[in-house]
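First up is the structure itself, then whatever we jot down about it.
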Amino acid sequence: MSLQKPIMRGLLAKRLRFHLPIAFGIAITVALSYKFGVTEPRKKAYANFYKQYDAVKEFNAMREAGVFESVRPSGK
Amino acid sequence: MLASRALSLIGKRAISASVCVRGAHGVAKVEDYTLPPYFDRRETPLPEVAYVQQLTPEQKSLKEKEKGSWAALSNEEKLALYRISFKDSFAEMNQGSEEWKSVVGGILFFLGFTGLVILWQRKYVYGPVPHTFETLYKEQELQRMLDMRINPVEGFSAKWDYENKQWKK
């Protein structure tokens with residue numbers, strides 16, 4: 001039997017040539033989709049929340065509900 | 001260096017002296033269990049011992065022929081020599097089996113059995129849950145969380161409509 005001599009060298013390089021671009025592509029895609037799917041909406045949500053935030057009004061509402069220990073409800 | 005040289009001199013003389021002293025006994029017989037075991041593994045392609053230790057007369061003559069030119073060996077003889085040294089070929093040792101089905105079945109079976117055991121425990125071993133799990137208590141907890149404005153931006157209180165005192169649609 002005279003088989004063809006198998007490939008003896010460059011096996012890792014061959015594998016990397018194929019898999020490394022795929023790995024980088026997937027990693028970058030995941031990072032970008034997380035940035036634009038999660039962090040950007042979150043930043044916008046926080047910005048919008050604090051645009052119309054009245055801290056004193058919220059404080060008084062919480063005080064009346066009785067969740068604070070330093071101030072009691074105003075008793076009105 | 002000097003010490004090892006001196007030791008090798010003494011050692012050689014000692015061995016020859018002991019062989020002479022014991023007569024014609026020489027080396028002890030090699031038992032099967034003293035040899036390293038034979039493994040067919042992809043990671044170690046050349047096991048430490050040959051597969052067949054006790055050769056038949058035909059195999060012995062084949063081993064003698066192996067000492068000559070390998071081009072003179074026929075294909076069957078080459079295969080026979082391979083099978084003397086090794087048990088399975090790489091293709092044979094790498095082939096999969098159906099064992100995984102039994103393994104998965106066993107896992108699922110014992111998971112199910114564990115579920116039954118836990119159900120029995122819940123009924124016959126554990127006492128009652130704390131009072132903090134009662135419905136009224138849970139409603140008071142929920143109201144307090146809304147009063148404290150837990151996660152008002154994206155989470156819990158963000159979904160509550162404080163004007164109309166209901167969940168946001």
Side-chain angles (χ1 to χ4, degrees), chain A residues 1-20 22-23 29-76, chain B residues 41-46 62 65-66 69-86 88-95 132 136-169:
Chain A
M1 50 200 142
S2 48
L3 294 167
Q4 212 184 12
K5 179 169 171 173
I7 299 175
M8 307 287 267
R9 289 156 186 261
L11 295 163
L12 180 65
K14 183 171 153 207
R15 181 187 165 82
L16 285 181
R17 244 179 77 88
F18 180 69
H19 283 99
L20 224 50
I22 296 175
T29 307
V30 167
L32 284 173
S33 49
Y34 189 82
K35 180 181 171 68
F36 291 112
V38 178
T39 58
E40 286 302 313
R42 190 173 284 166
K43 284 200 269 193
K44 284 208 193 71
Y46 271 79
N48 289 336
F49 178 79
Y50 282 109
K51 269 202 200 93
Q52 282 102 30
Y53 188 65
D54 184 3
V56 178
K57 174 169 160 254
E58 293 290 321
F59 168 74
N60 283 324
M62 283 197 257
R63 176 189 180 172
E64 299 313 316
V67 291
F68 289 128
E69 290 180 2
S70 49
V71 277
R72 303 278 169 71
S74 55
K76 265 201 270 295
Chain B
R41 305 228 62 188
R42 203 170 55 191
E43 299 83 37
T44 50
L46 297 175
L62 196 55
K65 196 173 170 193
E66 195 192 9
S69 165
W70 286 348
L73 295 169
S74 71
N75 281 349
E76 289 81 26
E77 287 172 332
K78 286 178 190 166
L79 270 176
L81 282 167
Y82 181 89
R83 292 293 173 183
I84 291 174
S85 300
F86 305 105
D88 283 336
S89 69
F90 268 78
E92 285 163 12
M93 78 166 87
N94 284 340
Q95 70 193 174
T132 53
L136 178 63
Y137 195 95
K138 280 295 177 203
E139 287 175 356
Q140 289 169 338
E141 260 183 14
L142 199 141
Q143 181 59 54
R144 192 174 156 79
M145 278 174 76
L146 289 169
D147 291 338
M148 288 197 284
R149 309 293 194 271
I150 297 289
N151 281 338
V153 181
E154 274 191 326
F156 190 69
S157 306
K159 299 193 165 62
W160 178 257
D161 187 356
Y162 281 95
E163 315 295 321
N164 302 325
K165 302 236 192 308
Q166 60 185 359
W167 293 108
K168 284 185 189 161
K169 298 284 180 287

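All values below come from the heavy atoms of this structure, side chains included, with hydrogens, waters and symmetry mates left out. Note that the structure is a prediction, hence the values are computed from the model and not measured. In what follows, chains are A, B, ... by sequence order, proteins preceding strands, each numbered from 1.
- No more than 12 heavy atoms of other residues, nucleotides or ligands shown are found within 6.0 angstrom of NZ on A:K57.
- In the displayed structure, A:I22 atom CD1 is contacted under 6.0 Å by more than 12 heavy atoms of other residues, nucleotides or ligands.
- Between A:E58 atom CD and B:Y162 atom OH the span is 7.5 Å, to the nearest 0.5 Å.
- For the set A:Y53, A:Y50, A:F49, A:F68, the count of heavy-atom pairs under 4.5 angstrom toward chain B peaks at A:F49.
- Enclosure of atom CD in A:Q4 is not indicated, since only 12 or fewer non-hydrogen atoms of other residues, nucleotides or ligands lie within 6.0 angstrom.
- Other residues, nucleotides and ligands contribute at most 12 non-hydrogen atoms within 6.0 Å of the NZ atom of A:K14.
- Scanning both residues, B:R144 and A:G66, for their nearest heavy atoms gives NH1-O, 4.4 Å.
- The side-chain heavy atoms of B:D147 and A:M62, taken from C-beta on, include no pair separated by under 4.5 Å.
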